[in-house]
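The figures here come from the full heavy-atom set of this structure, side chains too, leaving out hydrogens, waters and symmetry mates. Counting convention: from 1, in listed order, for ligands and their atoms alike.
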Amino acid sequence: MAESETTGKTGTNKDARHRRRRPPRFRMRVSTKYAPRKPQPNEPLSCTSETTLEAAQLLELYRYLKLTRLVEERLVNLYRQTKVVGGVFRSLGQEATAVGSAYALEPKDFITPLIRDLGAVFVKGIRPREIFAQYMAKAWGPSGGRDLNIHFGDMEKGFIGPISHLGDMIPVMSGILLAARMQKKRIVGVAYIGDGGMSTGAFHEGLNFAAVQRLPLIIIAEYNHYAYSTPINLQTAVKDLAEKAAGYGIPAYVVDGNDVIASYEVTKRAADFARRGGGAVLIEAKTYRRKGHAEHDDQRYVPEGEIDWWEKHNDPIDRYEHYLLSGNVATKEKLDEITADVIREIDEDCAWAESSPMPDPEIAASRVFDNEIVPPATRPKVLQD
Ligand SMILES: Cc1ncc(C[n+]2csc(CCOP(=O)(O)OP(=O)(O)O)c2C)c(N)n1
Ligand SMILES: [Mg+2]
């Protein structure tokens with residue numbers, strides 16, 4: 001058959017099969033409905049009132065926020081007592097992004113959390129005792145003392161352990177979602193990424209692949225102002241990270257990442273869209289990293305007063321407490337009760353993790369590589385000699 005002069009297409013049925021029908025997209029490419037807004041003078045920041053969440057769920061969100069903050073505070077204590085092996089990474093000031101986004105998922109969905117996303121790990125069902133034992137490299141920890149801090153996962157719970165904090169988890173999640181599609185499983189995947197990690201090649205390749213394949217991938221891009229000591233203006237030339245979605249032909253949101261309800265609502269919409277076959281979505285969460293890259297970092301590169309401003313005016317837990325109390329969702333006594341319960345759980349779990357032995361050397365040295373190919377570095381035989 002001759003080629004059409006105008007389109008160059010042959011017009012056979014076979015070719016038509018290759019032209020996929022595209023489901024409708026969002027009209028507005030970057031939605032700013034849940035973006036941060038400027039408060040009136042002297043008005044304390046709260047959370048969006050537009051939510052479908054019920055009272056019990058709102059209290060559960062509060063519990064996860066407090067759990068995240070207080071577990072991290074306990075980790076810092078353990079670190080100062082030199083009980084932690086390796087560094088401690090905080091999500092102070094960013095808890096609402098991780099908790100709200102993960103709460104919008106179904107149990108069968110997958111996440112790839114990074115060092116600022118402990119809240120998402122808890123929402124996925126990991127217990128504080130696992131975190132404490134992992135940070136202290138104890139035998140009862142999830143990696144049995146083989147790896148550090150956040151480097152573990154739980155496939156049953158849909159939580160993939162990180163390879164790196166930079167872009168590498170994006171292609172990994174794209175692969176998971178492609179495999180799930182081939183197995184006819186209707187899951188969505190949330191991959192977290194920092195403003196710095198978004199500048200890497202792996203991020204671009206992974207998201208481009210997901211966009212082209214219309215995989216149900218949701219990127220949560222955490223605009224927390226710094227990548228290690230690099231400020232955002234030296235990291236990217238765009239104002240909003242969400243603008244980058246245009247380069248992949250996917251819709252995007254800008255959300256106030258310090259508003260736990262907004263983070264939930266936006267991720268819920270993205271998850272519904274992705275599950276319906278709409279493809280990948282980019283969510284940019286505006287937030288702020290109040291601690292350094294890790295506990296060793298003294299943040300001398302941060303302009304004076306900046307951290308204090310965020311602590312005083314835009315703390316996600318203060319904002320949420322204001323929302324719950326002023327909207328009569330909960331009383332102060334109820335919130336104190338939840339906090340006391342969280343502290344009790346942390347005390348118990350920390351004691352449990354501290355009582356764990358360190359791993360036996362020969363056990364810690366095995367299963368790091370495939371031991372059929374690479375013999376373990378330390379073998380009982382060697383120890384006996
Ligand atoms: C290949 C590689 N290079 C460098 C690092 C060290 N590193 C870990 S996190 C990070 C900066 C990440 O910044 P960002 O993506 O903004 O995330 P944030 O820490 O702000 O959450 C760097 C340089 C690494 N983990 N892997
Ligand atoms: Mg960052």
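Y226 and Q235 share no donor-acceptor pair across their side chains, judged by distance under 3.5 Å alone. Side chain to side chain, E306 and Y288 meet the donor-acceptor criterion of an N or O pair below 3.5 Å. In summary, the side chains of E265 and T51 do present a donor paired with an acceptor at a separation below 3.5 Å, with no hydrogens or angles considered. At a cut-off of 3.5 Å, with distance as the only test, no side-chain donor of N224 or T287 sits close to an acceptor on the other residue.
Atom 23 (C) of ligand 1 has as its closest protein heavy atom Y228 CD1, 3.9 Å. Here the heavy atom of the protein found nearest to atom 19 (O) of ligand 1 is R116 NH2, 2.9 Å. At the top of the distance list for atom 2 (C) of ligand 1, counting protein heavy atoms only, stands L166 CD1, 3.3 Å. Nearest non-hydrogen protein atom to atom 16 (O) of ligand 1 is D195 OD1, 2.4 Å.
Contacts between Q235 and ligand 1, counted as non-hydrogen atom pairs separated by less than 4.0 Å, are absent for every part of the residue. Under 4.0 angstrom from ligand 1, the non-hydrogen atoms of S164 all belong to its side chain.
Under the 4.0 angstrom criterion, atom 6 (C) of ligand 1 counts as lacking any protein heavy-atom contact.
The contact set between ligand 1 and N224, taken as ligand atoms under 4.0 Å from a residue heavy atom, comprises 18 (P), 20 (O), 21 (O). Near G196, the atoms of ligand 1 lying under 4.0 angstrom from a non-hydrogen atom of the residue are 14 (P), 15 (O), 16 (O).
The ring of H322 has its center no closer than 6.0 angstrom to the ring center of Y320.
Listed by chain and number, D195 OD1, N224 OD1, Y226 O are the protein N/O/S atoms closer than 2.8 Å to the Mg ion (ligand 2), with waters left out.
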- [ ] Before giving the answer on side chain to side chain contact (heavy atoms under 4.5 Å, CB included), spell out for F203 and I219 the whole-Å C-alpha distance, their side-chain angles and the decisive distance to 0.1 Å.
- [x] CA-CA 10 Å; F203 172 85; I219 302 277; 4.0 Å; yes

Task: Worked verdict on T267 versus Y103 for side chain to side chain donor-acceptor pair (under 3.5 Å) - done: CA-CA 9 Å; T267 314; Y103 200 75; over 6 Å; no

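Counting only non-hydrogen atoms, the option in M198, H165, R289, H225 that gets closest to atom 18 (P) of ligand 1 is H165.
In terms of N/O distances under 3.5 Å, ligand 1 is approached by G197.
L148 and V121 sit in two unconnected hydrophobic clusters of ILVMFWY residues. Membership requires side-chain heavy atoms under 4.5 Å apart, directly or through other members.
Geometrically, K124 does not engage F159 in a cation-pi contact, judged by NZ or CZ lying under 6.0 Å from the ring centre and within 45° of the ring axis.
Taking the six-membered ring where the residue is Trp, H293 and F89 present perpendicular rings, their angle passing 60° and hence far from 30°.
Across D297, L92, V76, a single residue satisfies side chain to side chain contact (heavy atoms under 4.5 Å, CB included) together with K291, and that is L92.
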